[in-house]
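Since the structure comes first, as structure tokens, the remarks are kept for the end.
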Amino acid sequence: MKKRKAAFISVLAVVLTAVFPAVFLYCNNAEEAAFKEILPAIAISAALALASYLLCRLILHKAYTASVVATTFVLLLTNFAYLEKGIKIFFDLEYWQTVPILIVIQMHVAWFVSRRLSDEAVETVSKTIGLVFSLLIAFNVIMAAPGMISRASLQRELKENTSKNETLTADASAKPNIYMILFDEYAGFRQMQEYYHYDNAVLKDFLEENHFNISYTSQNEGIQTRVVLGDVVSLDYVITSDSDSHLSEITAALNSGVLFDFLREHGYYVQGVQDEPVFDLPSPIENNTETKGKTMSGESLTDLCLEQSILYPLYRVNASERLEEILKVADYMSDADHVKNESTFTWVYFNFPHQPFVVDENGVDISTAYSTDWVNKKWYLGQYKYATKLMIKICQNIIDHDPESIILLWSDHGARAGLRRDGVNWFYVPFEVITNPLNAVYYKGEELDIEGLSSLNTLRTVLNRAFGTDFEILPVPEWSVYRHTKRYLDEKEVEAWKEK
């Protein structure tokens with residue numbers, strides 16, 4: 001019985017140590033992410049912990065001794081990237097050089113614990129580790145509880161709103177289908193011309209030939225997707241900052257569903273077709289409904305955890321899986337059979353050409369080594385050109401088979417080209433250029449003046465025309481922390497990059 005208890009406490013101490021970083025990360029993002037999003041990281045961390053413990057137990061025999069040694073080893077495995085960065089401050093070492101050095105250090109730690117510490121001392125250390133990490137996990141979970149409850153409440157509210165698709169029966173027989181299509185981080189014409197030396201004539205010509213109304217001078221309120229979309233679906237500028245301290249406000253706006261309720265009240269069926277779900281909407285595509293928490297650069301919680309572990313060189317973006325989701329949405333929207341005859345609002349979202357960069361202009365996979373490389377312009381430009389091809393194919397299909405429809409073809413912001421230094425994103429491109437998005441509207445082939453309107457004001461203008469509402473044109477907020485904080489690289493660096 002005593003041996004079983006020792007084994008249980010020993011294993012628990014190692015596992016709790018291993019999973020704490022993942023739990024901590026989730027608890028600090030509980031309002032934005034579901035717990036199951038961190039489960040892969042927790043499972044991998046726990047597996048590393050168990051493997052480390054079993055190896056140490058096999059060599060050292062004693063449960064508590066194996067526990068303490070395994071715990072130090074687990075700390076090395078799960079925080080390797082941080083340790084490597086610390087070492088690089090003093091020594092310019094590669095990954096393959098750093099690993100053996102840290103392993104040798106770990107072997108010395110194991111020798112010290114097993115040879116120099118008494119059994120009583122090792123038992124005390126093991127139990128203390130288990131107790132400390134138990135308390136840390138419990139404390140973080142308790143502190144995150146309001147966020148968990150808030151997210152759960154919002155998810156329930158969204159599901160209730162979704163059910164309204166089946167219960168609202170207002171007559172919409174005379175209303176056109178509406179398609180709101182957004183390509184995340186798709187730069188406007190100005191940015192591509194001035195900073196990428198690319199004349200996007202292929203898209204411009206297509207839009208003009210097919211009677212799209214184009215705004216070349218639109219400005220949005222921020223460079224964060226969740227901020228722009230939070231305001232759009234709220235039908236108002238309700239978010240007052242894009243800083244992390246306003247996370248609750250941003251999350252509430254994203255989940256407000258005012259736009260969707262408005263459309264349902266006018267008899268529309270509201271659905272979502274998304275490569276990475278932003279809104280919890282019923283979808284004609286399987287497994288295409290649940291929203292997930294993402295960072296500004298598109299990383300999930302599991303990504304963030306594993307990128308700090310010793311596995312980070314092996315953990316790369318799976319280009320094939322990412323492209324598969326993108327093409328699933330593109331193929332659906334490009335299929336004539338999927339064009340609805342009844343009044344339907346379809347929210348279409350591509351997290352593309354947003355980084356990570358996974359394909360060239362022909363849709364061919366590129367090396368994962370370039371997945372976040374903004375310095376070499378060809379990676380974003382190639383993915384941008386391929387996104388343009390998908391965009392044109394989708395819009396052509398809709399116009400051919402649903403010419404009386406309304407298409408809002410947008411991006412939320414342009415290319416946030418830059419580098420990450422000292423934990424801060426620094427940009428090559430000025431704020432006012434990044435906030436100039438793609439903004440084009442096909443309104444049943446008719447003219448509609450949207451020049452200079454933001455995404456939200458463009459939507460309000462379309463709704464006024466379609467439903468006879470009287471939404472006013474609102475002033476675009478200027479509160480963004482990115483607008484008022486120096487986030488630009490050195491002027492010489494910017495000019496050198498711009499001229500490449």
If you take all heavy atoms of Val23 and Ile137, which pair is closest and at what distance? CG1-CG2, 4.0 Å

To check you understand the geometry: which heavy-atom pair defines the closest contact between Val122 and Val68, and what is its length? O-CG2, 3.7 Å

Check Ile250 against Ser243 and note the closest heavy-atom contact, atom names and distance. CD1-O, 4.3 Å

The complete set of salt bridge (charged side-chain N to carboxylate O under 4.0 Å, His left out) pairs with one or both residues in residues 93-118, sequence neighbours excluded, reads none

Of all the heavy-atom pairs spanning Val233 and Gly230, show the shortest one and how long it is. CG2-O, 3.6 Å

Main-chain N/O of Ala187 paired with Tyr384 side-chain donor or acceptor, under 3.5 Å: yes

Could you tell me which residues satisfy side-chain hydrogen bond (donor to acceptor under 3.5 Å, both in side chains) with Lys127, sequence neighbours excluded, listed by chain and number? Glu123

Are a donor atom and an acceptor atom from the side chains of Thr72 and Gln106 found within less than 3.5 Å of each other? yes

Knowing that exactly one of Val228, Val348, Leu229 qualifies, which makes a side-chain contact (heavy atoms from CB on, under 4.5 Å) with Leu182? Leu229

Side chains of Tyr198 and Lys377, heavy atoms from C-beta outward: is any pair under 4.5 Å? no

If we only count heavy atoms from C-beta on, is the Leu409 to Cys395 side-chain gap below 4.5 Å? yes

Has Asp199 got a side-chain atom pairing as donor or acceptor with Gln193's backbone, closer than 3.5 angstrom? no

At their closest point, which heavy atom of Ser241 faces which heavy atom of Glu249, and how far apart are they? N-OE1, 3.7 Å

Do any N or O atoms from the side chain of Gln219 and from the backbone of Ser454 form a donor-acceptor pair under 3.5 angstrom? no

Rounded distance [0.5 Å steps], CG in Asp335 versus CD1 in Ile394: 11.5 Å

Calculate, to the nearest 0.5 Å, the distance between atoms CD1 and NE2 belonging to Ile326 and His354 respectively. 11.5 Å

Do Thr485 side-chain atoms and Arg487 backbone N/O form a donor-acceptor pair below 3.5 Å? no

Ring pair (Phe, Tyr, Trp, His ring centres under 6.0 Å), paired with Tyr380, selected from Trp374, Tyr386, Phe352: Trp374

Tested for ring pair (Phe, Tyr, Trp, His ring centres under 6.0 Å) against Phe183, the lone hit among Tyr349, Trp410, Phe350 is Phe350

Would a 4.5 Å heavy-atom cut-off, applied to side chains only, mark Ser480 and Ile223 as touching? no

Is there a donor-acceptor contact under 3.5 Å from the side chain of Asn220 to the main chain of His413? no

Pairwise side-chain contact, Phe427 with Leu419, heavy-atom cut-off 4.5 Å (strictly under): no

Got a second to check how far Thr78's OG1 is from Ile44's CD1, nearest 0.5 Å? 12.5 Å

Using 30° and 60° as the class limits, which term best fits the ring planes of Trp379 and Tyr370: parallel, tilted or perpendicular? parallel

Flag, side chain of Asn436 to backbone of Glu432, donor-acceptor distance under 3.5 Å: no

Any side-chain to backbone donor/acceptor pair from Gln355 onto Ser371? Under 3.5 Å, distance only. no

To the nearest 0.5 Å, what is the distance between CD on Gln191 and CG on Leu438? 12.0 Å

Identify whether the distance between the nearest side-chain nitrogen and carboxylate oxygen of Asp275 and Lys328 falls below 4.0 Å. no

Treating Asp360 as the side-chain partner and Gly363 as the backbone partner, does any N or O pair qualify as donor plus acceptor under 3.5 Å? yes

Met391 CE to Ile181 CD1 distance, which is reported to the nearest 0.5 Å: 8.5 Å

Keeping to residues at least two apart or across chains, list the ring pair (Phe, Tyr, Trp, His ring centres under 6.0 Å) pairs with something in residues 102-146. Phe20-Phe133

Between Ser234 and Ser256, do the side chains contain an N or O donor and an N or O acceptor separated by less than 3.5 Å? yes

Met192 to Leu381 - nearest heavy-atom pair and separation: CE-CD1, 3.5 Å

For Phe73, ring-ring contact (aromatic ring centres under 6.0 Å, His included) partners two or more places apart: none

Kindly indicate whether the side chain of Ser134, heavy atoms from C-beta on, has any atom under 4.5 Å from the side chain of Leu16. yes

I'd like to know if the side chain of Asp365 and the backbone of Val359 have a donor-acceptor N/O pair within less than 3.5 Å. no

Are Glu478 and Arg483 packed together at the side-chain level, in the sense that at least one heavy-atom pair is separated by less than 4.5 angstrom? yes

A side-chain contact here means heavy atoms from C-beta on lying under 4.5 Å apart; do His246 and Val227 qualify? no

Check the angle between the aromatic planes of Tyr428 and Trp497 and answer parallel, tilted or perpendicular using the 30° and 60° thresholds. parallel

Can you confirm whether Lys389 is buried at NZ, in the sense that more than 12 heavy atoms of other residues, nucleotides or ligands lie under 6.0 Å from that atom? yes

Taking atom types as modelled, is there a side-chain donor on Trp347 or Gln274 under 3.5 Å from an acceptor on the other? yes

Is there side-chain contact between Tyr186 and Asn200, with heavy atoms separated by less than 4.5 Å? yes

How would you list, by chain and number, every residue that makes a ring-ring contact (aromatic ring centres under 6.0 Å, His included) with Tyr64, sequence neighbours excluded? none

Contacts of Ser67 meeting side-chain contact (heavy atoms from CB on, under 4.5 Å) (sequence neighbours excluded), chain-then-number -> Ser10, Ala13, Val14, Tyr53, Thr71, Ser126

Side-chain (His197) to main-chain (Lys498) donor-acceptor, under 3.5 angstrom: yes

